[in-house]
Structure formats: structure tokens, C-alpha cells
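Before any comments, here is the structure.
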There are 2 protein chains.
Amino acid sequence: MYVFIQGLSKLSMSPYRFSGSKPETSIRLATNNCPYNSACDGCSSRHISLCNVLDTDELKSFSKISTDFHKNAKQVICSEDEDAEYIYNIRSGSVRISKMLSDGRRQITGFLFAGDFFGLSCKDKYSYTAEAITNVEICRFPRTKIIESFREFPALGERVFDMTRTELDSTHDQMLLLGRKNAKEKLCTFLLTMWEKSGRLNEGNGDEVDIPMSRSDIADFLGLTVETISRQFTNLHKLGLIDLDGAHKVFLKDTDALSALAENG
Amino acid sequence: MYVFIQGLSKLSMSPYRFSGSKPETSIRLATNNCPYNSACDGCSSRHISLCNVLDTDELKSFSKISTDFHKNAKQVICSEDEDAEYIYNIRSGSVRISKMLSDGRRQITGFLFAGDFFGLSCKDKYSYTAEAITNVEICRFPRTKIIESFREFPALGERVFDMTRTELDSTHDQMLLLGRKNAKEKLCTFLLTMWEKSGRLNEGNGDEVDIPMSRSDIADFLGLTVETISRQFTNLHKLGLIDLDGAHKVFLKDTDALSALAENG
DNA sequence: CGATGGATTGAACTGGTTCAAGTGGAGTGG
DNA sequence: CCACTCCACTTGAACCAGTTCAATCCATCG
């Protein structure tokens, strides 16, 4: 039996890596048709989904419980304090996960991309809001069904636990960033993480990084203001470390220097 | 079979609560002698440990793999990048979990107390350093043994997964605090969390809260400096919201007002 | 082509830091 | 038992990184 699952862990920008997985729990990218939902004809190696390479019958039972849908940019997918009925998997597009204070101050706790999951690490209520950054295609599963299936397929449960731990690790890194890094260090760290991610997803794109989210999203992710983000972008440009092509495309000209600045800016 | 485990989730100051556990996975406090280690004679209702109310033989096998030890205040229990051989359970005392930047800036990601676990949410290396704040009694188990036992006792694995998710939730709250709250809000939030915790642990102590950690630990937990912490303490005192008895004992005189300040200081 | 909304830039301001000095309590040794 | 030391904590004052407020730029879209 192969458990076929990826994502989730990318929450908070720390991609899950496949090292160390035991054979019987090994994870594979979907290569062609999505096996768990016949309605999905868009599967490619970049569409990483909650596919279970179980036997055909097991697979069919999983297929039946999933629903595909679509959201436009800025639409809410699920919100804080709402009953956590589903877990979600992103087929395409980008999503932000955030929490708010009563007066509207916002902290984005993670950005999610194709293949990522969310909603699993919740209790009965969602503890955060998920919104579409770009147009997104989403697939959702009833949470209880998934959680029940951990007993039947322990490898699935172990995998999800493993990913949750990875995610926890990466939130600790983000706490270090939020609590102790200055604006320049924060932005450099962010750019490098986006770069690593994009390098993995579309190999060979060199040092061109796509930044789907707005300056204000980046600000709320890094605990800064839009203005500071903007100034730091210009700053890094003046230093000759990055080039900008519009607001959503960045060329990293010297990743080594950026790495150095990410810890000692 | 009863799985008998508590703690871990308190990392990042968000105590795990017992609501919603199914009967067969229900968690109980150790009441008297610690069943998993005959060397432990100090068990009380406040010593919450990795005890497994399994049958006697199962229990014995768990007992054999644990080791008790002791650390004095300021001693390191485990450190970043060290091989993650063990998981730890705190019998008594307080522990801080932290990460450092190369130049020595530190972020404390959580404080841990009696009954809490750490080291479980790691891969092959510890991703943080754990140090004793006070003198501590610790109990440790080989990680691999525990993780292997998840297959044999799925309820144990589910429980640990559950606690890890709770912990993840609380790190999101801490990210909101670090990224978006000001100094006064941060300290109020901190005091209230310590208060809730102490209320649970030693009921009936009213609004007196014990603060075992130093000002500098609090600063590194809240992303501030010692001076700011100190000033905010005096500030809250001048506002008549708290009284101070030395540096490590605080009386919360108006928890409602503190709650209000924790979100809109 | 004008309107809209994100992104940038400038200038004043401020919350929290930094640096520096002072305080107090616990431990040590004479 | 007091004097001395040490170290954590507090307090004060200057400073500055990042915010706030305001103006402008620029790309997109009806």
C-alpha cells in the first residue's frame, strides 16, 4: 500500500521534504490523472494532492468523499471560529492563512500553494481564516472521514503527523523571525524561502521568483507595514541584490549575499 | 486500554485540555505512584507524566525504557542540532525552549512546566535548545521506541498527534502576538496565560501568579528587551492592575482589565 | 481616458531600544 | 553579624528603526 499525500507542511513556508520515509509510506507525486476524483482532469506533476495509492476499492471510497470547487482572488475559503467540517487541498493558486485582533490588526501565519493542505490541524473550529490570494482550485474532504481513516491506514496518519511536526518546526523559525529579526533580515529571509519553494516547484527558472501576494500580505506575514516592505525592496534593489519586474516578480541576483543578510542584516 | 499521557501541548503556553477525548483514549492524571518507573516515588496529581494505563506487561515494557535525571537551573537539557535520541517529560520545575541567531539574538518559543513533554516534534535533530529555568527533575524515553509504539497502541499516537495540533494552534497565537501586539499587550497576554496555567495547576491560589523565569527570558519570549519588560511591569503596577512581590511573584488585581489590555493596549 | 487601488516615496513622529547609572536582595566570607 | 560582591532588576535619557500620515506614481480595467 502506498499512501499518497503531500503538502500541509508548506504552511509557514517550510516545504516538507521526502527524506527518510519508509517504503510503505512513501509519497509520490501524481503524474497524470488524479485517481481520487474523476472530475479532476488537470493533474500534473505540480498538482500534488491527497491521492491515495491504495487498492482500487479503497481509492474509490476516498474519491467519493471529495468535492472540487473554485474561488476567486480575495474570496474567503474558511474562517476563524467556523465549524471545521473539511480539510482542504489546494490544486492550484495561492492561499493565505491569517488571524486577526479585534481591532483589525492581522497576522498572516502562512502562505499555501498548490499541493498544500489546511484545516487538518484544527479541533472542532478553524483557528484561522483562509483566503484566496489568486484564483484557486480547491478540493475538500470531510475531516471526520479522514481522521477516521487513520485507524484503517496507519501509514496515512503517521504521514500527516510527520507533516504536522515539520510545520511546527517551521512556525518556530517564523517566531524567531518575528521576534528577533529586523526589517531587512525579514525580507531577505522571505525572498529566499520563496526562492527555494519556486526552485522546487518549477525547476530551472533560475533566480526569478514569482511573488503572488501583495505588499500588504507580505507586511502582515513579516510583522511590518506596507511602507517598510516597499522601502526594503528598493533598498535591496539599490544594493544590487535583486531586480524588480513589477510588484510580483523578483530576480535574486546574489542569493549568497541575501542569505548572509537574512541572519545579519 | 487507557492511554495515559499529558503535557507537550503546553509548549507555547497553551495548556492542553481534556475535552472531547473518546473513552478508549481518555487521559488521566497519575494519582499516586508512578506506574512506569519504580524509581519514581514523587508522583502526585501535579506530576503528570507519560504513564500508560496499559496492562501490567505493557506497562513494564514502558517502565524499562525510561531514565530519570536531574538538572540544576541554567543547565542545558538538549540543544539545537544535537541528535534527537530522546523525548523528555518534566517531572518538576520549569524549562525554556529557544532558538538562536548566529549573533546571539534569542527567541524563546515556549516555557514548559511539570507534566510537559518536549522532543517529540523533532526529526532526527532537535530543532531547539531546552534549558532548565529552575532546578528540574526530568524523565526521558528513547524516541524511536515511543514512535514505534504508535503502531501497537494507535490511541497513543492519536493522542500525541492531537497534542501536537494543539501546540501548533498556540504557536499561531504567539505569532500574532509577536508580529502585531505592542509591549503592553504582550505583557498582559503573558501574565494572563501564566495566570490561567497556575490556576489550573494549583487551584485556589487566587490571583497570585508565580513567574519562575527571569525578565530576560520573558523579553526573549515576547520579542522585547529586559528594560521594556521592566518598564511595562511598573506601568501595570502604576495603573493599579498588578502588585509585585519581588521579581517572581505577581498579583493580578483586575484580570478583566488585563484581558482588555491584552488585545487593545 | 479617467477611475481605481496597489505600490512607492517623503517627512514627521514615536514606541521601543540602547546605553548608562543606580538599586536591592541573595549568597559568601571574614 | 556585617561587609562585600554579584547579578538581576529598575530607572533615566538619548537615539533610531520602523510607523504614521500624506502625496504621488503607475498599472489595470471598464
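Within every chain, numbering begins at 1; the chains are lettered A, B, ... in the order of the sequence lines, protein sequences first and strands thereafter.
Contact check for Lys253(B) versus Leu241(B): no side-chain heavy atoms found under the 4.5 Å cut-off. Counting heavy atoms from C-beta on, the side chains of Leu258(A) and Leu252(A) come closer than 4.5 Å.
End-to-end axis angle for the helix from dC1(C)-dG30(D) to dG30(C)-dC1(D), using five pairs per end and rounding to 10°, comes out at 30°.
The main-chain N or O of Gly110(B) is never found under 3.5 Å from a side-chain atom of Gln174(B) such that the two would form a donor-acceptor pair. Looking at Thr134(B), its side chain does come within 3.5 Å of a backbone N or O of Ser94(B) through a donor-acceptor pair. Proximity of a side-chain donor or acceptor of Glu263(B) to a complementary backbone N or O of Leu101(A) within less than 3.5 Å is not detected. When atom types are taken as modelled, the side chain of Asp207(B) and the backbone of Asp254(B) share no donor-acceptor pair closer than 3.5 angstrom.
The phosphate of dC9(D) has OP1 or OP2 within less than 4.0 Å of a side-chain N or O from His248(B). In terms of phosphate contacts, Thr225(B) brings no side-chain nitrogen or oxygen within less than 4.0 Å of OP1 or OP2 of dG16(C).
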Atom pairs under 3.5 Å, N or O on each side, protein against nucleotides 10-17 of chain D: can you list them with distances?
from	atom 1	to	atom 2	distance (Å)
dT10(D)	OP1	Arg215(B)	NH2	3.4
dT10(D)	OP2	Arg215(B)	NE	2.8
dT10(D)	OP2	Ser230(B)	OG	2.8
dT10(D)	O5'	Ser230(B)	OG	2.9
dT11(D)	OP2	Thr234(B)	OG1	3.2
dG12(D)	N7	Arg231(B)	NH1	3.0
dG12(D)	O6	Arg231(B)	NH2	3.3
dA13(D)	N6	Arg231(B)	NH2	3.3

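When rounded to the nearest whole Å, the span between CG of Leu222(B) and P of dG16(C) equals 12 Å. A straight line from CG of Asn235(A) to C1' of dT8(C) spans 13 Å, rounded to a whole angstrom. Atom CG of Asp245(A) and atom P of dT8(C) are 12 Å apart (whole Å). A straight line from CZ of Arg105(A) to C1' of dT20(D) spans 15 Å, rounded to a whole angstrom. When the P atom of dG16(C) is taken as reference, atom CG of Leu177(B) falls 12 Å away, rounded to whole Å. In this structure, NZ of Lys181(B) is placed 20 Å from C1' of dT19(D), rounded to the nearest angstrom. To the nearest angstrom, C1' of dC7(D) lies 8 Å from NZ of Lys74(B). If you take CG of Asp220(B) and P of dA8(D), they are 13 Å apart, rounded to a whole angstrom.
The existence of a salt bridge linking Asp103(B) and Arg180(A) is excluded, since no basic side-chain nitrogen approaches an acidic carboxylate oxygen closer than 4.0 Å. Between Arg91(B) and Asp116(B) there is no salt bridge, since no side-chain N of the basic residue sits under 4.0 Å from a carboxylate O of the acidic one.
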Step by step, work out the salt bridge (charged side-chain N to carboxylate O under 4.0 Å, His left out) result for Glu85(B) and Lys125(B).
-> CA-CA 8 Å; Glu85(B) 278 186 77; Lys125(B) 308 269 183 190; over 6 Å; no

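When heavy atoms are screened at a 4.0 angstrom cut-off, His237(A) is found touching no nucleic acid atom at all.
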